[in-house]
Amino acid sequence: MQRDIGIHMKGGVITERNADYSTIRIRAPAGVLSVEQLRGIARIAKTYGSGEVHCTTRQTIEIPHVDPKNLKKIARALEKNGTPIGSEKDEIVNIISCPGTERCKFANIDTISLAKKIDAKLFGKIMPVKMRIALSGCPNACTSPMLNEIGVIGRVRPVRTKERLCTGCGNCVYYCKEGAIKIKNGISVLDENKCVECGVCVQSCSFDLIKAEDRHFLITVGGRRGRHPKIGRNLLTVKTEDQVLFVIEKIVDWVYRRAWSGRLLSEQLDEIHFDKFREDILKQVPEAQAAESPGKSMK
């Protein structure tokens, strides 16, 4: 059980440039809020802040210009509203997500539901380094998962089910952004080394001849944004949401026990033995596969 460190020290309480005021960041997993919660936030911002809110890059909302004397009052009001004080320090911060299969025609996984499950298990855990987790329903990666400490990307492997009926219309060629499909001898041919398993060709086939096979989750570790951005390393692929949750919990435990504070995770992956960790986690998840460069894992 984590010790209650007091309202002034919570990660979502941010001292402003003018130290007479604080900004309050709320917890909003996947950036999803009800209309009632938004109305509540508006009332709270008007009562305790300047009457304005700020939408952050991590899909949450901040209430600026709060008098620190009102921190306990605003904390109680936000808790009652179902939008408690969030996280910003060396913790697991707000989990972000694209719309996923709920709304996006390109998505391969239900990202919002998964983000909420991750939030319920891990949000706010104090860590030696800040841990940002982002989910994207497909390799378009609208939430930049590979630039977060933990990223999850939904992918599928395209398979032509009835090759003899391919008309060579070229729809799949036109919509493939990787140039991985060409028309040869009147039928479409996939170059597996170029395919990133986004599934757009599945959606583009007018004759429903391409099916999505092997729907899976790619998990990356150690990405970062900021002044020196770095793409995270591919860890592995898994088949189910439960496996994603298990692997993410293992990543968090590994970082909590081994990482050094004061440095970004991306700067110390080798020191805390990333490759050894991947070997260990692959043994614990029998269906998992080591993730290689895009396209290389296709059979």
Side-chain angles (χ1 to χ4, degrees), residues 1-31 41 44-45 48-49 53-79 83-97 115-116 118-135 143-145 147-151 221-230 232 248-249 251-269 271-272:
M1 180 180 294
Q2 293 183 359
R3 181 169 56 91
D4 186 356
I5 57 177
I7 186 66
H8 293 77
M9 296 297 293
K10 285 189 175 294
V13 177
I14 307 164
T15 301
E16 295 184 5
R17 184 169 184 147
N18 178 350
D20 290 336
Y21 294 97
S22 296
T23 288
I24 307 302
R25 179 173 294 184
I26 71 168
R27 177 180 178 180
I41 292 169
I44 294 166
Y48 297 106
V53 298
H54 174 216
C55 297
T56 76
T57 57
R58 292 216 66 83
Q59 296 182 342
T60 186
I61 290 176
E62 292 177 342
I63 301 175
H65 308 320
V66 173
D67 188 328
K69 292 184 295 186
N70 293 322
L71 286 179
K72 290 184 178 179
K73 293 179 180 178
I74 195 171
R76 287 194 295 267
L78 287 170
E79 190 74 38
T83 52
I85 290 179
S87 180
E88 193 271 339
K89 296 181 180 178
D90 285 348
E91 304 162 305
I92 295 178
V93 300
N94 208 57
I95 316 297
I96 69 173
S97 164
K116 290 180 177 179
I118 297 170
D119 169 90
K121 281 181 172 286
L122 296 171
F123 175 84
K125 179 178 173 62
I126 296 174
M127 299 290 290
V129 296
K130 183 180 289 189
M131 293 290 287
R132 288 156 283 216
I133 303 175
L135 285 70
T143 54
S144 302
L147 297 179
N148 284 252
E149 278 72 21
I150 300 177
V221 177
R224 73 182 187 212
R225 292 183 176 180
R227 63 177 65 190
H228 300 294
K230 187 173 184 179
I248 289 180
E249 286 188 272
I251 295 170
V252 168
D253 184 63
W254 168 63
V255 173
Y256 182 81
R257 293 175 181 276
R258 291 183 173 272
W260 297 89
S261 60
R263 299 168 61 194
L264 296 171
L265 179 62
S266 59
E267 298 173 350
Q268 49 182 316
L269 284 179
E271 294 176 42
I272 61 177

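A quick note: this is a predicted structure, and the numbers were derived from the prediction, not measured.
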Quick one: [atom1] on [X] to [atom2] on [Y], what's the gap to the nearest 0.5 Å?
| X | Y | atom1 | atom2 | value |
| --- | --- | --- | --- | --- |
| K125 | S87 | NZ | OG | 12.5 Å |
| M127 | L122 | CE | CG | 8.5 Å |
| K130 | K89 | NZ | NZ | 10.5 Å |
| I251 | I133 | CD1 | CD1 | 8.0 Å |
| T15 | D20 | OG1 | CG | 10.5 Å |
| I92 | I248 | CD1 | CD1 | 9.0 Å |

Q) On the ring face of Y48, is K73 found with NZ or CZ under 6.0 Å from the centre and within 45° of the axis? A)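 No, K73 does not sit over the ring of Y48.
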Q) Would E267 and K230 pass as an ion pair if we require N to O under 4.0 Å? A)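 Here E267 does not pair with K230 in a salt bridge, since their nearest N and O are not under 4.0 Å apart.
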Q: Could you pull out the closest heavy-atom pair between S266 and R224, with the gap in Å?
A: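 Heavy atoms only, the tightest pair is OG-NH1, 2.8 Å.
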Q. Which atom pair, heavy atoms only, marks the closest approach of A134 to P145?
A.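 Scanning both residues, the minimum pair turns out to be O-CB, 3.5 Å.
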Q: May I have the step-by-step check of side-chain contact (heavy atoms from CB on, under 4.5 Å) for V221 and L265, ending in yes or no?
A: CA-CA 9 Å; V221 177; L265 179 62; 4.2 Å; yes
**Q.** D119 vs R27 side-chain heavy atoms within contact, under 4.5 Å
**A.**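 Yes, side chains in contact.
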Q) Does any non-hydrogen side-chain atom of I24 lie less than 4.5 Å from one of V13? A)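 Yes, at least one pair of side-chain atoms sits under 4.5 Å.
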[X] (side chain) donor-acceptor with [Y] (main chain) under 3.5 angstrom:
| X | Y | result |
| --- | --- | --- |
| T23 | I14 | no |
| Q59 | N94 | no |
| E149 | R132 | yes |
| T60 | I26 | yes |

Q) Which residue pairs pass the salt bridge (charged side-chain N to carboxylate O under 4.0 Å, His left out) test with at least one member in residues 53-66, sequence neighbours excluded? A)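 Every salt bridge (charged side-chain N to carboxylate O under 4.0 Å, His left out) pair that includes a residue of residues 53-66, provided the two are not neighbours, is R25-E62.
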Q: With side-chain contact (heavy atoms from CB on, under 4.5 Å) as the test, would you mind laying out the steps for I44 and I74 before giving the verdict?
A: CA-CA 7 Å; I44 294 166; I74 195 171; 3.5 Å; yes
**Q.** I150/I118 under side-chain contact (heavy atoms from CB on, under 4.5 Å): CA gap, chis, key distance, verdict
**A.** CA-CA 11 Å; I150 300 177; I118 297 170; over 6 Å; no
Q: Verify the neighbour count for atom CZ of R225: are there more than 12 heavy atoms of other residues, nucleotides or ligands below 6.0 Å?
A: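 For R225, atom CZ is crowded (more than 12 foreign heavy atoms under 6.0 Å).
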